[in-house]
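Remember, predicted model here, so these are calculated numbers, not experimental data. Counting convention: from 1, in listed order, for ligands and their atoms alike.
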Amino acid sequence: MANSCPTLTIVVPCYNEEEVLPETARRLDGLLAELIDDNHIAADSHVCFVDDGSKDRTWAIIRALRESSGKFGGIRLSRNRGHQIALMTGLLAARGDIMISVDADLQDDLNAIKEMLRTAAAGADIVYGVRSARTTDTMAKRLTAHFYYHLLRLLSVEIIFDHADFRLMTRRAVEALRQYEESNLFLRALIPLLGFKTSTVTYERAERWAGTSKYPIGKMLALALEGITSFSTKPLRLVTILGFAISLLAFICTVWALFAALVMKATIPGWASTVIPIYLVCGVQLLCVGVIGEYVGKIYLETKRRPRSHVMDTLQPLLPDLDVEPAARTSHSENPSIFVPTE
Ligand code: UDP
Ligand code: MG
């Protein structure tokens, strides 16, 4: 086997994925064996499952997988912290030369991984998996997704269209990511900030293999809002501009009213003309306060500098110095290699 082959860690965040996990593991195992045989990756390449506080048998399955093969390992978070945090925890804990994140539900096409590795071998530090078509999505999802991508672009947030969290990152890129300490995570917009040489590989997104989506509408909207408020202060600027425009309008109206009352002496007292502007201004003010509140809320959360997650359990018996105890920002920030597979 060529010595220069990189070790690959496939990071898989899992939340209540008992239905799909055995199949995912079977396919990942086959993929690793093939890639190792073809000398694309080193023999100690492995899968790192991150159990995001599942309430079903997900962790039990991961444990059984670990017992069946040294190629599987896992991290268990102490509670559900959401996909982005689970993924970040896995990436920062992974010990490979190259990390690839995939969803547990087999929507990401594992066949694209070979192409991703080739692209990385040609010098890319980050390779984005981009959907070739959104045929498996409903019309509504397609439209809202595209509207959202355009909105983000309009707000100067750098984002790759039709890319979710199926991506390759080299050790160098992950180490750069480690330095971003924010707890409001939206990796899709954070990773383009890293720079380095990037590339894309297109793939066809499949249907979820089994189980139901772990991203209900509420979680999806929260993530969408995260993407805007964590990366763009343009809404604040828009509020300021709106405030200016309304103030100017109010000033003109005041001059006109004074002129009409004092010079022309032709004022007609009217209820509507009094209350309508009051409603209007109240509405705008509330809107402005709301938007500002969004950002103040963010500052509030960030200044707490709370740890993103705590690792409750790991499946890597070979590593003696796992630092699970102290609540560091990421519980293992001192120790990037908390998962070591058996030989
Ligand atoms: N996930 C997670 N924590 C959560 C929600 C989801 O780790 O709180 C994982 C989930 O197990 C899956 C991935 O994130 O591997 C994407 O979720 P899902 O496929 O349910 O989202 P969808 O494809 O429906 O948007
Ligand atoms: Mg999915």
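Scanning the protein for heavy atoms near atom 23 (O) of ligand 1, the closest one is Gln107 OE1, 2.7 Å. Of the protein's non-hydrogen atoms, Asp52 OD2, 2.6 Å is the one closest to atom 3 (N) of ligand 1. Protein heavy atom nearest atom 14 (O) of ligand 1, with residue, atom name and distance: His83 CD2, 3.1 Å. Here the protein heavy atom with the shortest distance to atom 8 (O) of ligand 1 is Lys219 NZ, 2.7 Å. If you check which protein heavy atom lies closest to atom 17 (O) of ligand 1, you get Tyr215 CD1, 3.6 Å. Of the protein's non-hydrogen atoms, Asp105 OD2, 2.6 Å is the one closest to atom 19 (O) of ligand 1. In terms of protein heavy-atom proximity, atom 9 (C) of ligand 1 is nearest to Pro13 O, 3.8 Å.
Under a 4.0 Å criterion applied to the non-hydrogen atoms of Asn80, ligand 1 contributes the atoms 3 (N), 4 (C), 8 (O). Remark: ligand 1 atoms within the under-4.0 Å shell around heavy atoms of Arg208 are 18 (P), 19 (O), 20 (O). Listed by number with element, the atoms of ligand 1 under 4.0 angstrom from any heavy atom of Lys214 are 5 (C), 6 (C), 18 (P), 20 (O). Within the listing of ligand 1, atoms 7 (O), 11 (O) sit less than 4.0 angstrom from a heavy atom of Cys14.
Looking at Ser213 against ligand 1, both its backbone and its side chain come within 4.0 Å, counting heavy atoms. Only the side chain of Glu17 comes within 4.0 Å of ligand 1, judged by heavy-atom distances. At a heavy-atom cutoff of 4.0 Å, ligand 1 is contacted by no atom of Arg81, backbone or side chain. Of all the heavy atoms of Asp103, the ones lying under 4.0 Å from any atom of ligand 1 are found in both the backbone and the side chain.
The side-chain heavy atoms of Lys71 and Ile36, taken from C-beta on, include a pair separated by under 4.5 Å.
Between Arg178 and Glu175 there is a salt bridge, since at least one side-chain N of the basic residue sits less than 4.0 Å from a carboxylate O of the acidic one. Using a 4.0 Å cut-off between charged nitrogen and carboxylate oxygen, Glu182 and Lys298 do not count as a salt-bridge pair. Note on Arg131 versus Asp109: no salt bridge recorded, every NZ/NE/NH1/NH2 to OD/OE distance being 4.0 Å or above. Under 4.0 Å is where a charged nitrogen must lie from a carboxylate oxygen, and between Arg171 and Asp125 no such pair does. With salt bridges taken as basic N to acidic carboxylate O contacts below 4.0 Å, none links Arg76 and Asp52.
Between Gly227 and Phe186, the shortest heavy-atom contact is CA-CD2, 3.3 Å.
Between the side chains of Arg167 and His163, at least one donor-acceptor pair of N or O atoms lies under 3.5 Å. Between the side chains of Asp165 and Gln84, at least one donor N or O lies within less than 3.5 Å of an accepting N or O.
For ligand 1, the polar-atom distance check against Thr212 finds no nitrogen or oxygen pair separated by under 3.5 Å.
With hydrogens and angles ignored, the 3.5 Å screen pairs no side-chain donor or acceptor of Lys219 with any backbone N or O of Ile217.
Just one residue in the list Arg208, Arg57, Lys55 forms a salt bridge (Lys or Arg N to Asp or Glu O under 4.0 Å) with Glu17, and that residue is Arg208.
By the 30° and 60° cut-offs, the orientation of the rings of His146 relative to Tyr149 is tilted.
Ligand 1 has Arg205 within reach: a non-hydrogen atom of the residue lies less than 4.0 Å from it.
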Inset, instruction - Begin from the C-alpha positions of Val47 and Leu32 and carry the test side chain to side chain contact (heavy atoms under 4.5 Å, CB included) through to its verdict. - result: CA-CA 9 Å; Val47 179; Leu32 282 181; 3.7 Å; yes
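Under the 6.0 Å cut-off for aromatic ring centres, Tyr215 and His83 qualify, their centroids lying closer than that.
Inspection of the environment of the Mg ion (ligand 2) yields the following protein N, O or S atoms under 2.8 Å: Asp105 OD2, Gln107 OE1.
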